[in-house]
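All values derive from a computational prediction rather than experimental measurement.
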Amino acid sequence: MNRLRNRLILVFLAATLIPLSATLWVTTTLLSIKPNFAAISRMDSLSASLRRTGRELITQLKLQAQSGQIPPAVYADADRAQWPQAVKTFAASNQPDTSIVSGKDGDTIQYLTRHGNDVWVYSTTLRDVRMDQLEREIRDAGALSAAVNERDVPRGILLTYIVLAASFWLAALAFLIYFAHRISRPIQSLTAGLTKVAGGDLDARVVAHRDDEVGRAIQAFNGMAEQLHAATERLVTMRQLEGLQLLARKMAHEVKNSLTPIRLTVEEMVDRYGEAERPTDRVFIEQAAQIVVDEIETLERRVRAFSQFAAEPPVRPQTVEVNALLQERVAFLKTAHAEIAYECRLDESAPEAFVDPDLIKGILTNLLENAADAAGEGGRIMAASTVQNGRVAIEVHDSGPGLSAQARASLFQPTISFKKRGMGLGLSIARRSALLSGGDILLVKGELGGAAFRVLLPRANHGEQTRSDRG
């Protein structure tokens, strides 16, 4: 399943549909708000009409008072102490006349005017009309109309719509940027890893925290980089071995040519001076000759080792039962190291290997002998067969002291030995044999506290075996 594609589709749909749905909801909600602007306009007109009606009533009262149609109530200055409060208030003001609403139910309109220091009051009563309530309602209607007129309702609705819609789309954009970063970051890491590998850094790896197409691509890159590193290391090793083989052949030839006349000369010297008159001279000559002969034999052993290292043995691969070969090598070497405990841990499901049995025997003999030297008396050695990444693997573990950092750095280099009588060629020859067989030798973490080696071998393919037999 294309999980990356489905994730991109879901992110796109979420970033589009969610803000779109929210915008539609806001639009529908705002459109449902229907302010009755016509009613507000009518209320404003009614308020104005009521004001005109009130002013008209007061005007009529004034005309009736001036024409003498209504008798006044005269409040003489001499009786000022008994005046009603409204009359006292008017007398204290500087107004020539005024009108007020009075009465128990607010149904009386009074018109007050000055005549010297006296105050005349003209009154008229309205039936079924409460002027104080009418005045209050006129005031409230005017205030409401003014408040509505001060507010631009359509503009407020538009601004609210714009703010909410912009908020939804900005949130969707932030959501989209976040997920785009999460999706693109592994691709950027993979690109950086590819750039490092292309620049020669074969140890570059990319950490994968996902299992989609990008995660699998990162895993494939890491596997490719690992294989490329191993292949490059094997190629460098083979190139080094080729150069050292040429040097070893030349050295072995030159040293062998020099050792033969030295040996013959020393033997002739012993024969000629064997009858020396003084016994001390004879003993000295025999000891010196023996020392020279021993050193020549040591040099001859080294020459044979170099000759073996420089030789190009023919590789004759065939199907080999790995478990049987491993058991045979352990049984063969166990008798020579009775003081060491051997253990075989075999994987019965391990497939057969397609290798040269003589080369594999030499590899196992070298590794088991090295393990025995490292483990020492009372030590332990474990030989195991497993399957690693589709290849047959043979492991040899020992309970020795392990390897130092210096030994690990130059472990497979020829002419370097960390054993007292070692030639420094055993592991180099063993690794060359493994590489010629299509495999390799790796240093792994030991399970017994010491060193451990893993020999990787190609699996047997019966089609290859048939073609090899026919050839």
Quiz item: Looking at A204 and A225, what are the two nearest heavy atoms and their distance?
Solution: O-CB, 3.9 Å
Quiz prompt | Residue K88 excluded, over 12 heavy atoms near NZ under 6.0 Å | solution = yes
Quiz item: Which pair of non-hydrogen atoms, one from A86 and one from L112, has the smallest distance, and what is that distance?
Solution: O-CD2, 4.3 Å
Practice problem: Please say whether more than 12 non-hydrogen atoms of neighbouring residues, nucleotides or ligands are located less than 6.0 Å from CZ in R205. | Solution: yes
Quiz item: Got H337 and E339 here, is their nearest side-chain heavy-atom distance under 4.5 Å?
Solution: yes
Quiz item: Under the side-chain hydrogen bond (donor to acceptor under 3.5 Å, both in side chains) test, which residues partner N323, sequence neighbours left out?
Solution: S385
Quiz item: Can you list the steps and then say if I360 with S437 is a side chain to side chain contact (heavy atoms under 4.5 Å, CB included)?
Solution: CA-CA 8 Å; I360 304 307; S437 301; 4.1 Å; yes
Self-check item: Contact check, side chains of P458 and V392, non-hydrogen atoms, under 4.5 Å
Solution: no
Self-check item: Pair R380 + E343: basic N to acidic O under 4.0 Å
Solution: yes
Quiz prompt | Side chain proximity check, L448 to M382, heavy atoms < 4.5 angstrom | solution = yes
Quiz item: Counting N and O atoms only, with roles assigned by atom type, does the side chain of D356 sit under 3.5 Å from a partner on the main chain of R316, one being a donor and the other an acceptor?
Solution: yes
Quiz item: Are L346 and Q327 side-chain neighbours, meaning at least one heavy-atom pair lies under 4.5 Å?
Solution: yes
Practice problem: Determine the minimum heavy-atom distance between L333 and L368, stating which atoms define it. | Solution: CD1-CB, 3.3 Å
Quiz item: Does any non-hydrogen side-chain atom of E352 lie less than 4.5 Å from one of V322?
Solution: no
Quiz item: Minimum heavy-atom separation for F354 to R459, with atom names?
Solution: CB-O, 3.9 Å
Self-check item: Nearest heavy atoms of V206 and G193, plus distance in Å
Solution: CG2-CA, 4.1 Å
Quiz item: NZ/K445 to CD/E395 distance, rounded to the nearest 0.5 angstrom?
Solution: 13.0 Å
Quiz item: Does a side-chain heavy-atom distance below 4.5 Å link T59 with K62?
Solution: no
Quiz item: About how many Å separate CD1 of I70 and CD of Q60, when rounded to the nearest 0.5 Å?
Solution: 10.0 Å
Exercise. Could you give me the CA-CA distance, side-chain angles and deciding distance for R431 and D440, then say whether side chain to side chain contact (heavy atoms under 4.5 Å, CB included) is met?
Key: CA-CA 6 Å; R431 193 178 191 194; D440 199 357; 3.0 Å; yes
Self-check item: Results of side-chain hydrogen bond (donor to acceptor under 3.5 Å, both in side chains) for R345 - residues two or more places apart only
Solution: E447
Exercise. Using the ring of F90 (Phe, Tyr or Trp, six-membered ring only), decide whether R114 places NZ or CZ under 6.0 Å from its centre and within 45 degrees of its axis.
Key: yes
Quiz item: Roughly how far apart are I441 CD1 and L367 CG, rounded to 0.5 Å?
Solution: 5.5 Å
Practice problem: Test F453 against L442 for side chain to side chain contact (heavy atoms under 4.5 Å, CB included), laying out the working first. | Solution: CA-CA 6 Å; F453 293 87; L442 305 175; over 6 Å; no
Practice problem: Determine yes or no for a side-chain-to-main-chain donor-acceptor pair under 3.5 angstrom, with W83 supplying the side chain and A76 the backbone. | Solution: yes
Quiz item: How far does CD1 of I394 sit from OG1 of T386, to the nearest 0.5 angstrom?
Solution: 9.0 Å
Exercise. State the CD-CG distance between E226 and L228, to the nearest 0.5 angstrom.
Key: 10.0 Å
Exercise. Evaluate whether atom CG of N389 has more than 12 neighbouring non-hydrogen atoms of other residues, nucleotides or ligands under 6.0 angstrom away.
Key: no
Quiz item: Does S123 reach the side chain of Y111, with side-chain heavy atoms less than 4.5 Å apart?
Solution: no
Quiz item: What closest approach, in Å, do A375 and S399 show between heavy atoms, and which atom pair accounts for it?
Solution: CB-OG, 4.0 Å
Quiz item: Between D118 and D77, is there a donor-acceptor pair closer than 3.5 Å when you use the side chain of the first and the backbone of the second?
Solution: yes
Exercise. Show the numbers, then the answer: is there a side chain to side chain contact (heavy atoms under 4.5 Å, CB included) between I429 and N366?
Key: CA-CA 9 Å; I429 295 173; N366 180 275; over 6 Å; no
Quiz item: At what distance, to the nearest 0.5 angstrom, does CZ of F221 lie from CG of L194?
Solution: 5.0 Å
Practice problem: Would you check if L325 and L364 make a side-chain contact, meaning some heavy-atom pair closer than 4.5 Å? | Solution: yes
